[in-house]
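Keep in mind that the numbers below use all heavy atoms, side chains included, and drop hydrogens, waters and symmetry copies. All chains are named by letter (A, B, ...) in the order of the sequence lines, taking the proteins before the strands, and each is independently numbered beginning at 1.
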2 protein chains.
Amino acid sequence: MADKQKPKLRLSPAERRSLLEDAACACIARGGIRDFTVDKVVAEAGVSRGLITHHFGSMDGLLAAVYSRMYHDWLTVMATPRPGLSRIEAMIEALVSPALFGREVLKIWLTLWGEIAINPVLRDTHRQLYGDYRASIMLALSEAAHANGRQIDAETVATAFICLIDGFGVQRCVEPALLSEEEARAACWAFLRPYIGDQGVAVR
Amino acid sequence: MADKQKPKLRLSPAERRSLLEDAACACIARGGIRDFTVDKVVAEAGVSRGLITHHFGSMDGLLAAVYSRMYHDWLTVMATPRPGLSRIEAMIEALVSPALFGREVLKIWLTLWGEIAINPVLRDTHRQLYGDYRASIMLALSEAAHANGRQIDAETVATAFICLIDGFGVQRCVEPALLSEEEARAACWAFLRPYIGDQGVAVR
DNA sequence: GCTGATACTATACAACCGTTCAGCAAGGAA
DNA sequence: TTCCTTGCTGAACGGTTGTATAGTATCAGC
């Protein structure tokens, strides 16, 4: 409050775009796609109505930017190595970490999925980005299976695993109390154990 | 087309409500929550604008009706016994059947989840109905595990299994080509096998 | 300091939003 | 037939939607 002394600066396009994406995320997390409106977003960002069109061309443009930003952030967190943990362990820890498992983030994802399902333009963007996500999971799975001397159909397992993760997201959004971080982690390992073994980690 | 010769009949409230719910489902499946509007729904149903308020009080009322109708249909299909199949087998077959696994149906669910996540009233309705869903899955799991002489924590397994199913729905909506009915069935069994065994069914 | 590019504001606009309400008309009860 | 409940219509309302656009403010290059 006290530090918000009207900067009213003239920002670089990259900075302003980022601020508007932040505001859009906040609106979507609060009220879903119905709160993704010009008035709500510019009020959240503290700018004038014209800025969205100026920087993104349209609301669809802003939504696409939000989507690819979310994907980028997701992949970044997921690909961050954690000292002492194998790739698959680090990945699961990332998946249940607040940065990816937080309800606000997941509510945004849920909204975005709903839009992808009906918006062909967004679906094309999704197809391009989604490959990286899928590939990184397949890599971690293959590595883990190989380390335990097993052979798996990484593609099939990865698909089902991704579904499980997405389902966690849905469940956390509609009934957060039913699935804690701890339970999600355990469910991940229970799912993967038949394929890749225990990885020598104490799992409960 | 030819058979739509303007019946303009005066229907019973139950019939008219059902027709409006149908129309609302069609709109939501087509364009998500943004196409759930008075104009779109009444155009789809071929009635006047005032009818929604007359029968449901508000658009929120109609959405709640759509939600509970979807839940009721879902449970009905899932609880239908299939000759020669155990309860858990019948349940999985139902889950991958067109009635529940069809993309149109799943797009409606995806939209509804998004609304539940942000609408407290809808969330309360969800809590009440959701218990039945959860309970029926737990029952089937316990039964199957017991038949194979195993002991499981049905609650934990059911939660994870529900997540997997929800994730199937998400995946089918955003990228239908990646998950066929056959693959979903196989993934279900692969997930459940460690808990309840094979049930003596040929699974591939 | 001057100039031009552009970040940004603010208004205007037509279309659409959900809800209200007065009135019409169908059909059972008398 | 007459009456009255009620399914149903359609216009009207105030508010919100996304976009276009004219105008202002700021900064980089000169």
Scan nucleotides 5-7 of chain D against the protein and return all N/O pairs shorter than 3.5 Å with their distances rounded to 0.1 Å.
unit_1	atom_1	unit_2	atom_2	d
dT6(D)	O2	R10(B)	NH2	2.8
dG7(D)	O3'	L11(B)	O	3.3

Where do N or O atoms of nucleotides 14-18 of chain D meet protein N or O atoms at under 3.5 Å, pair by pair?
unit_1	atom_1	unit_2	atom_2	d
dT17(D)	OP1	T37(A)	OG1	3.3
dT17(D)	OP2	D39(A)	OD2	2.7
dG18(D)	OP2	V38(A)	N	2.7
dG18(D)	N7	R49(A)	NH2	2.9
dG18(D)	O6	R49(A)	NH2	3.3

Could you run down the sub-3.5 Å N/O contacts of the protein with nucleotides 21-24 of chain C?
none

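In summary, the side chains of E15(A) and S12(A) do present a donor paired with an acceptor at a separation below 3.5 Å, with no hydrogens or angles considered.
In this structure D153(B) satisfies the side-chain hydrogen bond (donor to acceptor under 3.5 Å, both in side chains) test together with T156(B), sequence neighbours excluded. For D124(A), the salt bridge (Lys or Arg N to Asp or Glu O under 4.0 Å) partners are R127(A), not counting sequence neighbours. When the salt bridge (Lys or Arg N to Asp or Glu O under 4.0 Å) test is applied to E93(A), the partners found at least two apart in sequence or on another chain are R185(A). Remark: Y130(B) pairs with Q171(A) by the side-chain hydrogen bond (donor to acceptor under 3.5 Å, both in side chains) rule, at least two apart or across chains. Partners of E155(A) under the salt bridge (Lys or Arg N to Asp or Glu O under 4.0 Å) rule, at least two apart in sequence or in another chain, are R134(A). For D132(A), there are no side-chain hydrogen bond (donor to acceptor under 3.5 Å, both in side chains) partners at least two apart in sequence or on another chain.
Rounded to whole angstrom, the span from the CD atom of E15(A) across to the P atom of dT6(C) amounts to 17 Å. Between the P atom of dG18(C) and the CG atom of L63(B) lies a distance of 11 Å, rounded to the nearest Å. Put simply, CD1 on I33(B) is 13 Å from P on dC17(C), counting in whole angstrom units. Separating the CD1 atom of I52(A) from the C1' atom of dC8(C) is a distance of 13 Å, rounded to the nearest angstrom. Spacing between atom CZ of F56(B) and atom P of dG18(C) amounts to 15 Å, rounded to whole angstrom units.
With a 4.5 Å cut-off on side-chain heavy atoms, W189(A) and I92(A) count as touching.
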Show me, pair by pair, the donor-acceptor contacts under 3.5 angstrom made by side chains of residues 17-32 of chain B, not counting sequence neighbours?
unit_1	atom_1	unit_2	atom_2	d
R17(B)	NH1	H55(B)	O	2.8
D22(B)	OD1	R69(B)	NH2	2.5
R30(B)	NH2	E44(B)	OE1	2.6

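Among residues at least two apart or in separate chains, there is no salt bridge (charged side-chain N to carboxylate O under 4.0 Å, His left out) pair with a member in residues 54-64 of chain B. Contacts classified as side chain to side chain donor-acceptor pair (under 3.5 Å) and involving residues 102-121 of chain A (residues at least two apart or in different chains) are given here: E115(A)-R34(B).
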